Amino acid sequence: MDTHTTPSPGRSDFIRDIVADDCAAGRVKSVVTRFPPEPNGYLHIGHAKSICLNFGIAMEFDGRCHLRFDDTNPAKEEQEYIDAIEADVRWLGFDWAEHLYYASDYFEQLYKWAVHLIRQGKAYVDDLSAEEIREHRGTLTEPGRESPWRGRSAQENLDLFARMRAGEFPNGSRVLRAKIDMASGNINFRDPVLYRILHARHPRTGDAWSIYPSYDFAHGQSDAIEGITHSICTLEFADHRPLYDWFIENLPVPSRPRQYEFARLNLTHTVLSKRVLLRLVHDGHVRGWDDPRMPTLSGLRRRGFPAEGIRDFASMIGVARADSVVEVEMLEHAVRDVLNRTAPRRFGVVDPLKVVIENYPEGHEHVEVPNNPEDESAGTRAVPFSRELWIEREDFMEEPPKKFFRLAPGREVRLRSAYFITCTDVVKDASGAVVELRCTYDSATRGGSAPDGRRPKATLHWLSVAHAVPAEVRLYGHLFANPLPGSDGRELLDDLNPGSEVVVQGFVEPAAAGAPLGHTVQFERLGYFCMDPDSTAGTPVFNRTLTLKDTWAKVRAKESAKSAEEPLAHP
RNA sequence: UGGGGCGUAGCCAAGCGGUAAGGCAGCGGACUUUGGAUCCGCCAUCCGUAGGUUCGAAUCCUACCGCCCCAGCCA
């Protein structure tokens with residue numbers, strides 16, 4: 001059912017324990033789960049947790065997992081979302097084989113079951129308005145009141161329900177309700193709505209229906225029709241479980257699925273709410289659903305996160321019932337772990353500073369650079385080297401602090417896989433800004449090591465000016481500056497990180513410019529990057545997936561904090 | 001004041017009556033032609049609190065405290 005190798009932590013969770021028990025006790029012959037997205041938005045990493053859980057369990061227990069669209073509300077659902085969801089689940093690495101379903105496939109059966117309930121005196125057509133129904137529902141602490149229409153005869157209900165279906169009544173004029181208990185402590189039992197009138201065109205059934213079933217009435221029965229054994233959903237549906245069971249018990253359904261709930265994923269520095277994500281897209285705060293800063297699967301993909309990293313993350317965080325907020329660093333760790341093993345190394349310079357090697361002859365040569373130190377079999381590539389180079393501006397300091405090991409006047413460093421160079425002069429413009437470095441190189445250090453065994457404390461990445469390919473580089477950071485956006489009463493949008501996307505003009509080596517879309521490379525010492533679909537023939541566009549872990553940044557921060565205290569320590 | 005859940009380290013999370021796994025983050029150190037990676041070490045005398053049962057409790061009982069969800073003709 002699936003082509004990837006599961007990271008399979010061997011660890012279990014309470015749901016897997018239940019499934020294992022059910023199998024051991026013979027309560028289920030074959031495990032059947034389902035992933036039931038509503039096609040009203042794009043899938044995000046929270047859905048990935050559910051997808052990995054449902055498809056993962058199916059794989060581990062030799063069962064199957066269905067992809068079922070919960071398309072019961074044509075007012076919000078679109079074909080665009082259906083297509084995107086399918087693509088995202090596939091990309092994540094899962095396959096539902098022939099088990100693709102839609103709740104709308106069951107509309108006729110669901111209608112018959114509603115009629116069954118009416119005949120049993122367990123459902124009735126209510127003429128109350130939405131507002132009146134709300135008033136009758138009571139509150140969390142007070143019981144509700146029965147609708148005056150609750151006592152209609154089965155015959156009258158049947159007639160009215162048929163006419164609702166036939167489209168005789170306007171939106172909102174009537175609903176079909178279950179007749180359960182208006183005094184129940186569980187508000188879901190206070191005569192829940194089963195069908196509402198909605199004259200809307202459905203992406204799949206078109207204009208065939210003018211009434212649509214509610215989630216509560218459609219979900220469990222759809223599970224039963226498909227023979228789902230374990231219907232796994234998030235915690236907020238726990239209150240609905242008694243109702244889920246009520247329908248299963250009161251209807252002649254072909255199987256008896258059971259519902260289990262787990263805590264949904266929350267991640268720091270982002271937000272996993274379709275409503276908010278939709279707003280970010282519509283209000284233009286991001287480039288779209290697939291903006292590399294979005295927590296959507298399409299966004300993560302465009303950002304360069306490998307599916308394997310997301311799957312690994314899902315198994316790392318586990319499954320439980322306690323509300324939790326996972327630090328985004330855990331996701332980033334899982335992604336770096338995969339990328340470190342698989343991403344080809346390349347050179348790229350994001351903030352170029354020119355270096356002229358005064359004793360290097362005209363012309364150029366090629367040096368061999370390993371494609372991946374983690375993987376010998378990745379081989380090497382030839383990178384052009386010449387007299388004029390680009391290095392990272394950040395790698396030079398005219399007055400280096402104590403722990404800065406990189407280039408400085410008079411200091412020698414290694415250019416990765418090439419030569420040792422020593423800075424002999426600093427060229428500045430009228431404003432005093434450094435515009436060029438004059439250096440000398442040691443021809444005996446070709447390849448990056450010296451015959452006399454001396455070892456510079458720093459190794460820099462570089463690019464030959466004549467061969468470097470100009471590129472637009474988009475540097476991405478967290479979408480929200482605050483770990484818990486909108487917390488402490490702050491306005492959510494005020495927490496957006498203004499520096500979440502910084503676009504710069506840089507250069508990349510020729511081998512990187514030809515990288516295929518969808519493949520993430522490492523620009524040595526900078527981080528992981530991937531080509532964006534916005535790339536044109538002339539100028540490639542690279543998205544920074546993640547930076548490498550940066551010990552120097554920590555040291556630098558610590559040192560500057562220390563020096564800030566100095567004046568106080570020594571008045 | 002109703003109903004349903006949950007509380008184990010900064011974060012995620014095992015644990016299911018026999019004396020606190022693992023991961024992330026952090027902190028030290030080794031190694032290093034990426035200040036990357038890798039490796040080694042440290043990081044809960046204690047499991048929301050208070051009682052109780054027991055030879056023995058994070059695990060059982062009681063009470064209390066705190067947090068989350070539910071009053072859509074959304075899912």
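Chain naming here is simple, since letters A, B, ... match the order of the sequence lines and numbering starts at 1 in each. Given the structure is predicted, the values throughout are model-derived calculations rather than measurements.
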Does B/G36 have its OP1 or OP2 closer than 4.0 Å to a side-chain nitrogen or oxygen of A/Thr551?
yes
A/Lys457 side chain near B/U32 phosphate (N/O to OP1/OP2, under 4.0 Å):
no
Using OP1 and OP2 only, check whether a side-chain N or O of A/Lys549 sits under 4.0 Å from B/U34.
no
Ring centres under 6.0 Å, that's the criterion: do A/Tyr195 and A/Phe217 meet it?
yes
Would you call A/His333 and A/Met316 a side-chain contact if the rule is heavy atoms closer than 4.5 Å?
yes
Pairing nucleotide - B/U53, Watson-Crick or G-U, each distance under 3.5 Å:
none
Grab the CZ-P distance between A/Phe405 and B/G36 for me, whole Å please.
11 Å
Quiz item: A/Glu374 side-chain donor-acceptor pair to B/G36 base, under 3.5 Å:
yes
Strictly by Watson-Crick or wobble contacts shorter than 3.5 Å, is anything paired with B/U34, and which nucleotide is it?
none
I want to verify a distance call: between B/G7, B/G2, B/U33, whose nearest atom is closest to the A/Ser417 side chain?
B/U33
Using a cut-off of 6.0 Å, state whether more than 12 heavy atoms not belonging to A/Trp149 lie near its atom CH2.
no
B/G66 - base-pair partner by Watson-Crick or wobble geometry, distances under 3.5 Å
B/C6
Between B/A14 atom P and A/Arg321 atom CZ, what is the distance in whole Å?
13 Å
Provide the distance between the two C1' atoms, one in B/A58 and one in B/A14, to the nearest whole Å.
12 Å
Nucleotide B/U32, atom P - distance to CZ of A/Arg416 in whole Å:
14 Å
Whether the side chain of A/Asn186 and the base of B/G4 hold a donor-acceptor pair under 3.5 Å is what I'd like checked.
no
Tell me which nucleotide, if any, is Watson-Crick or G-U wobble paired with B/G41 when both distances must be under 3.5 Å.
B/C27
Ring centres within less than 5.5 Å and planes less than 30° apart: is that true of A/Tyr215 and B/A75 in this structure?
no
Determine whether any donor atom in the side chain of A/Arg455 lies under 3.5 Å from an acceptor atom in the base of B/U33, or the reverse, and answer yes or no.
no
To the nearest angstrom, how far is A/Glu392 atom CD from B/G36 atom P?
17 Å
Pick base, sugar-phosphate or nothing for A/His461, based on heavy-atom distances below 4.0 Å to the nucleic acid.
nothing
Now, which nucleotide makes the Watson-Crick or G-U wobble pair with B/G72, with each of the two distances under 3.5 Å?
none
